[in-house]
Amino acid sequence: MNHYVYEFSEGSRDMADLLGGKGANLAEMTRLGLPVPPGFTVTTTACRAFLATGVEPPELAGEVAHALAALERAAGRGLGRAGDPLLLSVRSGGRYSMPGMMETILDIGLCDATVAGLAKASGQKRFAWDSYRRLLQMFGHTVMGVDGELFERTLAALKAGRGVAGDHELDAADLILLTEQFKALIHRETGERFPQDPVEQLHRAIRAVFASWNGERARVYRRRDHIPDDLGTAVTVQAMVFGNLGEDSGTGVAFTRDPATGERGVYGDYLSDAQGEDVVSGVRDAVPLARLKQLAPRAYVELSDHLRTLERHYQDLCDVEFTLERGKLWILQTRVGKRTAEAAFRIAYDLLDERLIDRHEALSRVSGAQLTRLLFPCFATSNDVAPLATGIAASPGAAVGAVVFDSATAVRRAAAGEPVVLVRTETTPDDLPGMIAARAVLTTRGGKTSHAAVVARGMGRVCVCGAESVVVDLERRSLTTRSGVTVREGDTVSVDGTAGTVHLGALPLTASDVGRALESGERTGPLSQAVRRALSHADRVRRLEVRANADTPEDAARARRFGAQGIGLCRTEHMFLGERKALVEAVILADDEAAREQALAALLPPQRSDFTAILAAMDGLPVTIRLLDPPLHEFLPDRTELAVRVATAASPDPHDVQLLAAVERMHERNPMLGLRGVRLALAVPGLVAVQVRAIAEAVAQRMRDGGHPRAEIMIPLVGAVEELRLVRAEVERVLAEVSGETGQSVRCPVGTMIELPRAALTAGRIAQAADFFSFGTNDLTQTTWGLSRDDAEASFFPGYLDKGILSGSPFETLDEEGVGRLITIAVREGRAAHPRLTTGVCGEHGGDPASIDFFHRAGIDYVSCSPFRVPSARLEAGRAALVAKLP
Ligand code: PEP
Ligand code: MG
């Protein structure tokens, strides 16, 4: 039968939707025979009915009365009974834990008629009156709506009058006076008297807890944690037990293993002669739980037994709140405990060894996000100090260094052995040497797919970008934050790329042993072992392959050490950074056929040697090489700087004049939608040929050297199959030419990126000319939403998040509903036209733990991500395969 109230003996842990996490676990512990104070839970259904109509369901009062009678029988006391009154706690507890966000009311049942009975039964007059004044304060504020500050002021005035500082210095007579003052305050503020009927107190408390579901705090919390607004809270009503009745009483929290490290053994804190709130408020220091062994040996043994029972039953780390009331142990709450990333891995694999869970379950209990945290160094304390500035967490890890404002200074100071943090408004290819030299990069503009973010992630460099509150003054060599703090070149800052924060000074760094152990393959401590076991299990069960985005032989080698199964994206523009930029410049400036051919020919050798080395690093595995993508003016100097230089020089450098003319000619208002990708391949004669020749010659060279090169050629930003057909014909022509010249049969699959909605929607046609599709989800997100990937995250996204339009950045986690739908269409229609079409994802989403599950479901063949994200992607691909198998 459906009802609104469940006694603890009626519920179970599977009923968290109805009873909330707390109510379900109390019921479970009751059924296990643990010493839980008796009680009952009012369901989330009742709360939802109340929130919808503004009144309790009519059956509720009767059901509460019935459950209360059972509670009184079990407790051996009665609510409102003058002699030895029963007191109740009324607590909120939804499906998902929202600590401190909703209301709790304690000591329900105290009134003028029962307070003396409590004093007598407990033998402690001060305790009884202190409990009464606490009820008046909590009830007056939470249920009757009196400003909490007024109670505090009344209390402060009394203490001042008595000349004491702490609440505990007030004696029973003081507290009797205080209760009178509180009652008067409530009457004055509300025109109503504090209800002396304990049953009325109970009903009003339940209603206040219902209403607190929609309190401001709770709503903000839910939005942040993506908890649905329509679940409602359950209300747990339980007999109070007291830990503040003297030396043989106390309260504490216990964990069945260490939630920080995962180590086996009971952990926790204990505070004698105290109530739960005293532990939270930190009035006195708690002692380690082990001390309880001496203080109350019998209770300690009993508690240890219960912890063992709970862990075996829940097959997981549990945390428990308990109270000792005059030597008698009560368990007040339990739940599967929160833990650090380190503890998650250790506990999962220890439980597997203890045969409490199986391999699949162990894998499902760790996540790619946790592994990411373990793979990078971190600041143990960055949460405790207010940051200097916040931005977008673009590349994880933590680093400390001296602020520098340009690439050359970064290189110079780093070469002298000084760790530096490169701060730029945004980075350009020119900044690469500085980014390599720096420990961290901070930009004030740009989002997760800005140049700084992509390059930093690729190199494993810490990066925070789009820190808009920071203003860089290059003249003065300083930066200023919104709060007015100025940081000069050479000052030390700490950059947390995992949290997206920047701190003044040097925070203490914790290195990542896991990252080192995984990359080197060396066998180290239990944590690295647990991570390795999780990864090898994931590798066995996953269907998705994991490749890396890598543009250099070093990155390729590292990616392979991290377990990459090839390269999914080699961005060839990254081969023309630094000094090599001049080579592209020469192609742009060539003013006749001969000059152009000469300039193009100069592009060949450096590319060929890079490709040869990358193919060697990835020997036997696929290497997807993308032809040049960005607009060519990205290889030219900044338009404004150049114009100023030309305008202010007495006799301008003719080279500058020529460059400026080219920059002006190529200027575009919307370069991201302009002459780039396949359009460039079609517009600049000879460009495709020289790149393909470099690839083909590298392949031939590797074949001659006895290797197994598997280059794939990828054309970016295709929107129409005709574009692909034309470029493909040119690619095939050059491949045949090089095969003829070298005597090696050079064959490379030719495919396209799917980065435009039109490409996805015409995938059936495009697939006829493609051997593979690789979803460029950065551009596909940008073009589907019509949002600039460079600007949106740092500018108006925060407002969108606050308003609930977005729950996170679609550049970070794939927008399944929109972009995902295009991917699904493209995979389906592409495969229908070309059954052996390979599909991959090489945008940043390929390494995002939360998106990988979707790619698995969408039937994608592989994801590709920066080398440092490869391990997390392998883990998530394994988890996605397990989840998909669940009934
Ligand atoms: C993409 O657009 O997702 C992609 C991988 O290409 P790029 O980031 O280089 O534009
Ligand atoms: Mg792209």
Side-chain angles (χ1 to χ4, degrees), residues 394-395 426-429 432 446-459 463 465 547-551 555 567-577 623-632 634-635 670-681 712 714-719 723 751-760 772-793 809-815 818-820 822-823 826 839-848 851-852 854-855 860 862-867 869 873:
S395 179
E426 53 193 334
T427 62
T428 68
L432 187 74
K448 272 223 155 72
T449 56
S450 63
H451 177 269
V454 170
V455 174
R457 260 197 307 276
M459 299 194 295
C463 177
C465 53
R547 297 190 194 177
N549 294 358
D551 327 307
D555 284 352
I567 290 180
L569 174 62
C570 171
R571 290 180 166 104
T572 51
E573 58 270 23
H574 290 173
M575 293 175 176
F576 297 107
L577 303 172
V623 174
T624 310
I625 300 168
R626 178 178 76 182
L627 302 187
L628 215 55
D629 180 26
L632 287 185
E634 281 199 8
F635 296 92
N670 273 318
M672 275 310 217
L673 300 177
L675 185 57
R676 55 173 290 219
V678 68
R679 303 160 195 171
L680 205 58
E712 306 182 337
M714 180 155 81
I715 323 289
L717 218 77
V718 164
E723 292 172 315
T752 181
M753 294 186 73
I754 303 287
E755 302 182 276
L756 299 172
R758 192 180 193 284
F772 61 86
F773 281 175
S774 178
F775 291 93
T777 47
N778 304 333
D779 273 311
L780 191 57
T781 300
Q782 165 167 265
T783 52
T784 300
W785 280 83
L787 277 174
S788 160
R789 62 193 258 190
D790 294 306
D791 302 312
E793 281 173 295
S809 167
F811 290 108
E812 180 174 356
T813 295
L814 192 92
D815 153 40
V819 181
L822 285 172
I823 291 176
T839 58
V841 171
C842 66
E844 293 304 317
H845 305 87
D848 172 50
S851 308
I852 288 175
F854 169 76
F855 297 135
I860 297 281
Y862 69 85
V863 291
S864 188
C865 56
S866 57
R869 299 179 94 187

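Just follow the structure's listing: the first ligand is 1, and inside any ligand the first atom is 1.
- A cation-pi arrangement is absent between R789 and F811, since the terminal nitrogen or guanidinium carbon is not both under 6.0 Å from the aromatic centre and inside a 45° cone about the axis.
- Distances below 4.0 Å separate heavy atoms of L569 from the following atoms of ligand 1: 5 (C).
- Between V455 and L432 the shortest heavy-atom distance is CG1-CD1, 3.6 Å.
- Panel note: side chain H845, backbone I852; no donor-acceptor pair is recorded below 3.5 Å.
- Residue N549 does not touch ligand 1, judged by heavy-atom distances below 4.0 Å.
- Taking every heavy atom of M753 and a limit of under 4.0 angstrom, the matching atoms of ligand 1 come to 4 (C), 5 (C), 6 (O).
- Looking at E755 and the Mg ion (ligand 2) together, the shortest N, O or S contact belongs to OE2.
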Output, in order, the C-alpha distance, side-chain angles, deciding distance and verdict of side chain to side chain contact (heavy atoms under 4.5 Å, CB included) for I823 and I860. CA-CA 9 Å; I823 291 176; I860 297 281; 4.0 Å; yes
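- Only the side chain of D629 comes within contact range of ligand 1, with a heavy atom under 4.0 Å; no backbone atom does.
- Distances below 4.0 Å separate heavy atoms of C842 from the following atoms of ligand 1: 5 (C).
- Screening F854, Y862, F773, F855 against V841 for a side-chain contact (heavy atoms from CB on, under 4.5 Å) leaves a single residue, F855.
- With a heavy-atom cut-off of 4.0 Å, Q782 does not touch ligand 1 at all.
- The closest heavy-atom contact to atom 8 (O) of ligand 1, among the options R626, E844, R789, comes from R789.
- In the displayed structure, R758 atom CZ is contacted under 6.0 Å by at most 12 heavy atoms of other residues, nucleotides or ligands.
- The Mg ion (ligand 2) has D779 among its coordinating residues (N/O/S atom, backbone or side chain, under 2.8 Å).
- Taking both residues in full, the closest heavy atoms of S774 and C842 are given as OG-SG, 3.2 Å, listed atom of the first, atom of the second, then distance.
- By the criterion of a heavy-atom distance under 4.0 Å, neither the backbone nor the side chain of M714 is placed next to ligand 1.
- To the nearest 0.5 Å, atoms CE (M714) and SG (C570) are separated by 9.0 Å.
- Near R676, the atoms of ligand 1 lying under 4.0 angstrom from a non-hydrogen atom of the residue are 10 (O).
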